[in-house]
Amino acid sequence: MNLLKPVVGLCLVVFGAAAVCADGDNNVALSYTRAQAQAGQVAYTTYCITCHGPHLNDGTQGAPLKGAAFMKKYGDRSVLDLYQIARTTMPTANPGSLDPATYAALIAYVLQQNAIVAGSTELPSDPRLMAGMNLPASGFSIMAFSPYTAQKSVSLPDPLDHFQAVGAADLTDPPAQDWLTWRRGWNAHGFSPLAQISAANATQLRLVWSWTLPTGSTEGVPLVRDGTLFVQGFGDTVQALNAATGDLLWQYTPILEPGVAPFQKRGIALSGELLYLGTSDVHVIALNVHTGKVVWDTKVGDNKIREQLNGGPLVAAGRVMVGTAGTGVGAKPGGPQLVGLDALTGRELWRFGTIARPGEPGGNSWNGIPFMSRSGASVWTPGSYDPGTGLAYFGTGNTYDTGPLLPPKKEKGVSNDALYTNSTLAVDPASGRLVWFFQHFPNDQWDLDWAFERQLVDLTINGKPRRVVITTGKIGIYDALDAKSGQYLFSIDLGLQNIVGAIDPVTGRKQVNTNLYPGDGQVKMVCPHGAGTKNYLPASWNQHTGILVMPLNEACMDIFPVPGGGPGLALSSGVNWGIRPRPDSDGKYGRLEALDLNTRKVLWMVRERAPITSGVLSTAGGLTFDATLDRVFHAYDSATGNELWHTRLNDVSSSSPISFAVAGKQYIAVVVGAGGFHARSFAPLVPELPSPVNRGATVWVFALP
């Protein structure tokens, strides 16, 4: 979309030459006469000099009308913009009181003072004729188009011209060609029904286009609707690209509050004709999808008390729902929040604290710790939504302030479970009311979050169909819960942990090996490592086959006391950790595993030395995609796990691949970038696989020839 398209059907004779027409494909060469500028100087001395100064940039009350600051503001804009500002604001005592010819003369004088050479044709006073005249881009430059020559305007295909508003039906069951949430739809399956690219032809995949993103940690997943790809890069920049060609359509970069350092985000959202994003200064912003212009901007948290917004928004039932996060010991006293905003206006409608308060249900589960000394229970990923139950599902993480939870107090009614850490929270979008919760891993002493995707799947359990929420934490144990009631159904231990010895088959309560608790001055070998067997990088679910494909890593950690404590402790129990191979390791750390949830048995497994750093995409074409720390992007046969294709990228992917189609052609896309804690944690295991010194964030898009 060209936001500065010329006015249609305009002609002007310039420099005594033949008429040049602004007919929608051309602009008009910029011109004014010396006599016109002289008349403008007289008007300037009469009406403007008091505010703007004798040299146009030395006044005490008016903005500069000459020099770098002026050209930066008005360069590459239509002269009409400057004319309209003059006409509506000058003279200050009586704006609009001069005749059009005098305003045009004033603009001519300003042009002259900014080194734009006079011509033989006056600057017109008719706004329709001015519209096609542009000032030089940020002043004169050998890299800028000449303002003295009419420029041919070429309009590229713009898929936003055909953008259809995203409705509830789309998010419930997305059209095959679209990818509408970070996991494609509300149910977080991460599965594409497209089948043009298949196990039979995947070896022919080729690069179609790539686009460089702002340099920095990039964990976000692009969205695609009606041929437009939306992506959020580092520094919170959002860009709209033609999904078939990679051409930029628009870009938006928020101005962050002073002192705020950008950090990675994991999701953006679409609903109606708005695109929603979270920012590093804890705002939620709604943009017009056609223009990238801000529709509303609402601050939902406070970065000054170490509150962040990493996960990204969920939009459902007329609400924008987003969870905040806090990293490290002492982050956000009182804990993070789930916030519900009106999707059209941004007005805050409700808040729900993810840490239980004294006197509320779960409020006595913090070992007697005062409320404002509690922290953690962060929301690290976007939530899911089920139209059938009408509930939104969010996962929470651990607390880093683990020391005060040990030893347990011997007081009636007091526990050290620390609600609502490591829990699934089912929330009513209309009111923010907590309908049910399930705590997967109480009193987490090892930073083993349970804060990742909540996938809504249909299973037959004991002969009856059930709508089920499945999720796992870093520990690598999948829990299945009834989506309506939160009833515990079953667990699957992937066998890569040494903390949980047994799971109650009725309640799902996990029996923990307390000998592995830190704090007794001993070194403990704990599996998995704090980066997790499974992390925020999501699994893919194929509802047709009942197969779940999971991106896993095999590693443990030595937890060791830090003499004297001090800053930089991982946990307030006085310990840090270092990564190490499992005792039975064969030097392979990455593990892509396909699990049949109908039989609860492993279908196939791919193990390789390079740790897995991306989420998983599966498709109806019988393909599964992931990326690894060695910068390799892989395609596997979903039925067997056999690798069919791979290519090497310029950096590590810490995002998730997606698939979409434009005009009947299927594409596979993946974002690469430096990533955060997850990818860096596994790097010491494979020192022979260094990452690039100059990190590069990029969108890569592949298709068949």
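Residues take their numbers from the sequence shown, with the count starting at 1. Note that the coordinates shown come from a computational prediction; the quantities given were computed from them, not determined experimentally.
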Worksheet item: Considering residues, nucleotides and ligands other than Lys73, do more than 12 of their heavy atoms fall under 6.0 Å from its NZ?
Response: no

Worksheet entry | Pair Lys332 + Asp302, salt bridge at N-O below 4.0 Å | no

Worksheet, complete the sentence: dist Asn535:CG -> Phe677:CZ (nearest 0.5 Å) comes out at 7.5 Å

Worksheet, complete the sentence: Scanning both residues in full, the closest heavy-atom pair of Arg184 with Pro174 reads NH2-O, 3.1 Å

Discussion item. Looking only at side-chain N and O atoms, does Asp401 offer a donor or acceptor that is under 3.5 Å from a partner on Ser375?
Written reply: no

Fill in: CG-CH2 distance between Leu223 and Trp179, expressed to the nearest 0.5 angstrom
10.0 Å

Worksheet item: Which atom names give the shortest non-hydrogen contact between Asp449 and Gly397, and what distance separates them?
Response: OD1-CA, 3.0 Å

Fill in: Contact summary for Ser655 and Leu537, nearest pair of heavy atoms
O-CD2, 3.6 Å

Fill in: Short side-chain donor-acceptor distance under 3.5 Å, His162 and Asp226
no

Worksheet item: In this structure, are over 12 heavy atoms from other groups packed under 6.0 Å from Arg351 atom CZ?
Response: yes

Worksheet item: Between Ser653 and Ser614, does any side-chain donor sit less than 3.5 Å from a side-chain acceptor?
Response: no

Practice prompt. May I ask you to test the Tyr667-Val662 pair for a side-chain heavy-atom distance under 4.5 Å?
Written response: yes

Discussion item. Does any part of the side chain of Ile668, heavy atoms only, come nearer than 4.5 Å to the side chain of Val670, both counted from C-beta?
Written reply: no

Practice prompt. Quick one: sort the Trp186 and Tyr385 rings into parallel, tilted or perpendicular, breaks at 30° and 60°.
Written response: perpendicular

Discussion item. Does atom OH (Tyr47) have a neighbourhood of more than 12 heavy atoms from anything else shown, all under 6.0 Å?
Written reply: no

Discussion item. Hydrogens and angles aside, do Lys265 and Ser280 bring a side-chain donor and acceptor to less than 3.5 Å of each other?
Written reply: yes

Worksheet item: Sub-3.5 Å donor-acceptor pair from the side chain of Ser378 to the main-chain atoms of Gly326, do we have one?
Response: yes

Worksheet item: Taking C-beta and beyond as the side chain, do Phe394 and Leu338 meet within less than 4.5 Å on heavy atoms?
Response: yes

Worksheet entry | Exercise: identify the closest heavy-atom pair between Leu65 and Val110 | O-CG1, 3.5 Å

Worksheet entry | Separation of Asp247 CG from Leu229 CG (nearest 0.5 Å) | 12.5 Å

Practice prompt. Run the salt-bridge test on Asp447 and Lys474 with the 4.0 Å N-O cut-off and return the result as yes or no.
Written response: yes

Practice prompt. Go through the steps for Val282 and Gln308 under the test side chain to side chain contact (heavy atoms under 4.5 Å, CB included), then give the verdict.
Written response: CA-CA 6 Å; Val282 208; Gln308 303 172 342; 5.7 Å; no

Worksheet item: Checking side chain to side chain contact (heavy atoms under 4.5 Å, CB included) for the pair Asn114/Gln112: CA distance, chi angles, key distance, verdict?
Response: CA-CA 5 Å; Asn114 282 279; Gln112 182 188 65; over 6 Å; no

Worksheet item: Aromatic rings Phe230 and Trp250: how do their planes relate, parallel, tilted or perpendicular, breaks at 30° and 60°?
Response: tilted

Item to complete: May I have the step-by-step check of ring-ring contact (aromatic ring centres under 6.0 Å, His included) for Tyr536 and Phe452, ending in yes or no?
Response: CA-CA 5 Å; Tyr536 74 91; Phe452 313 131; 7.3 Å; no

Discussion item. Contact between Leu341 and Arg319 at the side-chain level, heavy atoms closer than 4.5 Å - yes or no?
Written reply: no

Worksheet item: Taking atom types as modelled, is there a side-chain donor on Glu453 or Trp182 under 3.5 Å from an acceptor on the other?
Response: no

Worksheet entry | Test item: Trp350 and Val427 side chains (from C-beta on) under 4.5 Å apart, heavy atoms | yes

Discussion item. Apply side chain to side chain contact (heavy atoms under 4.5 Å, CB included) to residues Tyr252 and Thr237 and explain how you reach the verdict.
Written reply: CA-CA 6 Å; Tyr252 169 74; Thr237 295; over 6 Å; no

Item to complete: Please report the C-alpha distance between Leu309 and His283 in whole Å, then the side-chain angles of each, then the deciding distance to 0.1 Å, and finally whether the side chain to side chain contact (heavy atoms under 4.5 Å, CB included) criterion is met.
Response: CA-CA 8 Å; Leu309 201 166; His283 290 235; over 6 Å; no

Worksheet item: Hey, are Trp700 and Asn650 close enough side-chain-wise for a donor-acceptor pair under 3.5 Å?
Response: yes

Discussion item. Once side chain to side chain contact (heavy atoms under 4.5 Å, CB included) is applied, do any residues pair with Asn57, and if so which ones, sequence neighbours excluded?
Written reply: His55, Pro64, Lys66

Discussion item. Just verifying a value: how many Å separate Leu111 CG and Met133 CE, rounded to the nearest 0.5 Å?
Written reply: 9.5 Å

Worksheet item: How far apart are the closest heavy atoms of Leu180 and Pro175, and which atoms are they?
Response: CD1-CD, 4.3 Å

Discussion item. Taking the side chain as everything from C-beta on, heavy atoms only, tell me whether Leu275 gets closer than 4.5 Å to Ile268.
Written reply: yes

Fill in: Residues Asp342, Trp296; criterion side chain to side chain donor-acceptor pair (under 3.5 Å); working and verdict
CA-CA 10 Å; Asp342 183 279; Trp296 54 256; over 6 Å; no

Discussion item. When you compare the side chain of Tyr420 with that of Phe352, does any pair of heavy atoms fall below 4.5 Å?
Written reply: yes

Practice prompt. Would you check if there is a donor-acceptor pair between the side chains of Glu219 and His678 at a distance under 3.5 Å?
Written response: no

Fill in: Candidates Val322, Val339, Leu277, Thr279 - the one meeting side chain to side chain contact (heavy atoms under 4.5 Å, CB included) with Val284
Val322

Worksheet item: Among side-chain atoms of Gln337 and Thr324, is any donor-acceptor pair under 3.5 angstrom?
Response: no

Worksheet item: Do Arg266 and Trp380 have side-chain heavy atoms sitting under 4.5 Å apart?
Response: yes

Practice prompt. Could you tell me which non-hydrogen atom of Pro254 sits nearest to which non-hydrogen atom of Ile285, and how far apart they are?
Written response: CB-CD1, 4.1 Å

Fill in: From CZ (Arg433) to CG (Asp428), nearest 0.5 Å
5.5 Å

Worksheet item: How long is the gap from CG on Leu106 to OH on Tyr44, to the nearest 0.5 Å?
Response: 9.5 Å

